[in-house]
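Report on the structure given below.
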Amino acid sequence: LQPFHRRLRYTDDIRDAIHTKIAKAIRHRYASEFQNASDPNLVVIDPTVSVDGSKVTITGSINFRPYGYTHDIVLTFNAAR
């Protein structure tokens, strides 16, 4: 059998829900450590989803600025299930 692999796009509702969940957790835990914890662009979720068989992968980035720094640090992540 050929493996099943394709790329799909989230609906805005799903992408916004993932974004909100991650951003809320960061604000709750790191508000006193990040200068931009309340920035609406703190978390950016890629609207494309990768599906490979039963494995679903999402990608996003966290753009944060720790206190004492003058530039943002960008972390890119993939989450698969």
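Among residues at least two apart or in separate chains, there is no salt bridge (Lys or Arg N to Asp or Glu O under 4.0 Å) pair with a member in residues 19-43. Listed by first and then second residue, the ring-ring contact (aromatic ring centres under 6.0 Å, His included) pairs involving residues 34-75 are Y30-F34, F34-F64 (not counting sequence neighbours). Identified under the ring-ring contact (aromatic ring centres under 6.0 Å, His included) test for residues 40-62, with sequence neighbours left out: none.
Taking the side-chain hydrogen bond (donor to acceptor under 3.5 Å, both in side chains) definition, one finds that T59 meets it with N78, sequence neighbours left out. Shown here are the side-chain contact (heavy atoms from CB on, under 4.5 Å) partners of S61, two or more places apart in sequence or in another chain: V44, N63, V74, T76. Residues satisfying the side-chain contact (heavy atoms from CB on, under 4.5 Å) test with I18, not counting sequence neighbours, are Y10, I14, I22, I45, I58. Under the salt bridge (Lys or Arg N to Asp or Glu O under 4.0 Å) criterion, D12 pairs with R15, not counting sequence neighbours. Here D72 pairs with R65 under the salt bridge (Lys or Arg N to Asp or Glu O under 4.0 Å) rule; sequence neighbours left out.
With values rounded to the nearest 0.5 angstrom, I62 atom CD1 is found 11.0 Å from N36 atom CG.
Looking at L42 and I26, their side chains come closer than 4.5 Å, going by heavy atoms from C-beta outward. The shortest distance between side-chain heavy atoms of V49 and V56 falls below 4.5 Å.
Side chain of H19 to backbone of P40: a donor-acceptor contact under 3.5 angstrom is found.
Scanning both residues, A37 and A31, for their nearest heavy atoms gives CB-CA, 3.9 Å.
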